[in-house]
Amino acid sequence: MVKPMLRVGYPAIFATELLADFPREVELIPLPDDLDHEIDIDVWIPIPFPTRASTTWQHLRGVRLVLNLMAGTEWIPSLVGPHVTICNARGAHNISTAEWTISAILAMLKHFPFYLDVQRSGQWKRRFESSANYAHITGDTRTIFPPVLIEELHGKTVLLVGHGAIGQQIEEMLTPFHVNLLRVARTARTEPLVHAVSELDSLLPQAEIVVLILPHTAESHHLINSRQFAQMRQGALLVNAARGPIVDTDALVDALNSGHIRAALDVTDPEPLPQGHPLWSCPNLLLTPHVAGSSPQFAARSLATAAAELRRYLADQPMQNIVQHAV
Ligand SMILES: NC(=O)c1ccc[n+]([C@@H]2O[C@H](COP(=O)([O-])OP(=O)(O)OC[C@H]3O[C@@H](n4cnc5c(N)ncnc54)[C@H](OP(=O)(O)O)[C@@H]3O)[C@@H](O)[C@H]2O)c1
C-alpha cells in the first residue's frame with residue numbers, strides 16, 4: 001500500500017523558492033492568513049506572529065509536529081497542547097542577533113545615539129557634551145586629554161548571561177576586540193569556563209558590559225531586578241537581546257533614571273512598548289523594537305533548519321531542535 005504523503009502546512013506569504021530545500025516526499029500546503037475552513041495537516045510551520053498563528057491554529061486538524069521558525073517558542077505549548085512535538089529554529093538567528101549585539105555595544109560605547117542628536121541639531125561644538133556625559137555616567141571625573149568623545153571596547157570585561165547558540169556566536173564575534181569574557185549559563189562547565197547562574201550576583205560587579213542571551217522561563221523571569229542592578233558597576237552597560245521579562249522593567253527604569261547604568265534593548269516588557277511608557281524617555285538608552293533576528297537572510301536560514309529537521313523526522317532519525325516531546 002502506498003504511504004500517504006506527509007502534509008506540511010506553511011505560511012502562504014513565503015515565496016515558494018524559499019521552500020526549495022524541503023524533501024520531495026512531502027506535500028507542501030500554503031496556509032493563508034484568512035484560512036476559513038478546517039484542514040488536515042501533519043506538520044505545521046506557523047507564521048512567526050503568535051496572534052496570527054493562533055487564528056490559523058483554530059482551523060488545523062491532525063497536527064503532530066510543529067516546526068517553529070524562531071528560537072523562542074514560549075507561546076506554542078499552551079496553544080497546541082502536550083500531544084504535539086515542537087521544534088525551534090535553533091541556530092537560524094545566531095548571526096543576525098549576534099551582529100545586533102555587537103552593533104549595540106559599539107553604538108553605545110561610541111556614543112552614537114548622542115551623536116545622532118548632534119547631527120540633527122547641526123552643531124559640531126556640541127560634541128564636547130560627550131565628555132561631560134561620560135564623566136557623569138562612569139563617575140570618572142579626572143581631567144582627561146583629549147576629552148573623552150568615545151569609549152573603547154578593547155580590554156573591557158563582558159559578562160555573557162546565556163552561552164548557547166547565540167551566546168557562543170557573540171563570543172566568536174567579540175574575540176577580535178580582545179575583551180575579557182565571563183560566561184554564565186544554567187549549569188557550570190569548563191573549557192571554556194562557564195559559571196552557574198547561581199554565581200551571577202558575584203560576577204556582576206566585575207563586568208562593564210552585561211549581555212542577556214538566554215530564554216525567558218520561570219527561572220529566568222526577572223533574573224535582573226533591583227538587587228542585580230545594585231551589584232552592577234557605575235556606568236555598566238546592560239544589553240538585552242533575549243526577552244523583555246528577564247529584566248524587571250520598573251527596576252530598569254529606576255536604574256536608568258538614577259544614572260547608575262546604561263542599556264541597549266531589543267526587547268522590552270511589555271511588548272510592544274506602549275506610547276508614553278517611561279522607558280521611551282529614559283536617559284542613556286538605545287532601544288530597538290524587537291528587530292535583532294530579522295534580516296533578509298533569516299527566512300532562508302530558518303526554513304533550511306526546518307527542512308533539515310523534517311528530513312530527520314521522515315528518516316526516523318533523532319531530531320535536533322525538540323523543545324517539547326509529544327506525550
Ligand atoms: N532579539 C531577538 O530578535 C532574538 C532572536 C533570537 C533569539 N532571541 C532570544 O535569545 C535566546 C537564546 O537563544 P539561543 O539560540 O542562544 O538559545 P540556546 O542555544 O538554547 O541557549 C540558551 C542559553 O541560555 C542558558 N540558560 C537557560 N536558562 C537559563 C537561566 N535560567 N539562567 C541562566 N542561563 C540560562 C542555557 O544554559 P545551558 O547551556 O546550561 O543550558 C544556554 O546557555 C532565545 O531563547 C530567545 O529568547 C532573541
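What you are looking at is a predicted structure, and each value in this text was computed from that prediction instead of being measured. Just so you know, ligand 1 is whichever comes first in the structure, and atom 1 is the first atom listed for that ligand.
- Among L160, I213, V197, the residue whose heavy atom sits closest to atom 10 (O) of ligand 1 is I213.
- Polar contact check, V267 against ligand 1: no nitrogen or oxygen pair lies under 3.5 Å apart.
- Numbered from 1 in the order shown, with element, the atoms of ligand 1 that lie under 4.0 Å from a heavy atom of A242 read 9 (C), 47 (O), 48 (C).
- Here OG1 of T175 is found 11.5 Å from CD1 of I170. Values are rounded to the nearest 0.5 Å.
- The backbone N or O of A207 sits nowhere less than 3.5 Å from a side-chain atom of T157 that would complete a donor-acceptor pair.
- Remark: the H37 side chain and the H59 side chain contain no N/O donor-acceptor pair separated by less than 3.5 Å.
- Within the set R189, R243, R183, the minimum heavy-atom distance to atom 39 (O) of ligand 1 is found for R189.
- In this structure, the protein non-hydrogen atom closest to atom 13 (O) of ligand 1 is I166 CD1, 3.5 Å.
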> What do the steps show when you test D201 against R227 for salt bridge (charged side-chain N to carboxylate O under 4.0 Å, His left out), and what is the final call?
Replying inline: CA-CA 8 Å; D201 286 11; R227 209 181 67 203; 2.7 Å; yes
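- Here the CG-CG distance, from L279 to L252, works out to 5.5 Å after rounding to the nearest 0.5 Å.
- The distance criterion of under 3.5 Å between nitrogen or oxygen atoms is not met by L223 with respect to ligand 1.
- Of the options P215, A292, A89, G293, the smallest heavy-atom separation from atom 27 (C) of ligand 1 is shown by P215.
- Note: an N/O pair closer than 3.5 Å links T187 and ligand 1 by distance alone.
- Side-chain polar atoms of E271 and H290 form a donor-acceptor pair below 3.5 angstrom.
- Shown here for W280 and P274, the closest heavy-atom pair between the two residues is NE1-O, 2.9 Å.
- Residue contacts with ligand 1: A71 is placed with no nitrogen or oxygen under 3.5 Å of a nitrogen or oxygen of the ligand (distance criterion only).
- Between the CZ atom in R183 and the CD atom in E171 there is a gap of 4.0 Å [rounded to 0.5 Å].
- To the nearest 0.5 Å, the span separating CZ on R243 from CG on L223 amounts to 15.5 Å.
- Remark: ligand 1 and A165 share an N or O pair separated by less than 3.5 Å (distance only, no angle test).
- By the criterion of a heavy-atom distance under 4.0 Å, the side chain of H290, and not its backbone, is placed next to ligand 1.
- One option in R90, R186, Q168 has a heavy atom closer to atom 37 (O) of ligand 1 than any other, and that option is R186.
- Of the listed residues (T85, I322, I86), just one forms a side chain to side chain contact (heavy atoms under 4.5 Å, CB included) with L65, and that residue is T85.
- Heavy atoms of D266 come nearer than 4.0 angstrom to ligand 1 in at least one pair.
- On a distance-only criterion, T97 and ligand 1 share no N/O pair closer than 3.5 Å.
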> R61 and E38: salt bridge (charged side-chain N to carboxylate O under 4.0 Å, His left out), yes or no, with the steps?
Replying inline: CA-CA 7 Å; R61 300 290 174 264; E38 286 191 7; 3.0 Å; yes
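- Atoms of ligand 1 found under 4.0 Å from any heavy atom of H163, numbered from 1 in the order shown, are 23 (C), 42 (C), 43 (O).
- Atom 4 (C) of ligand 1 has its closest protein heavy atom at A241 O, 3.6 Å.
- Of all protein heavy atoms, the one lying nearest to atom 42 (C) of ligand 1 is G164 N, 3.7 Å.
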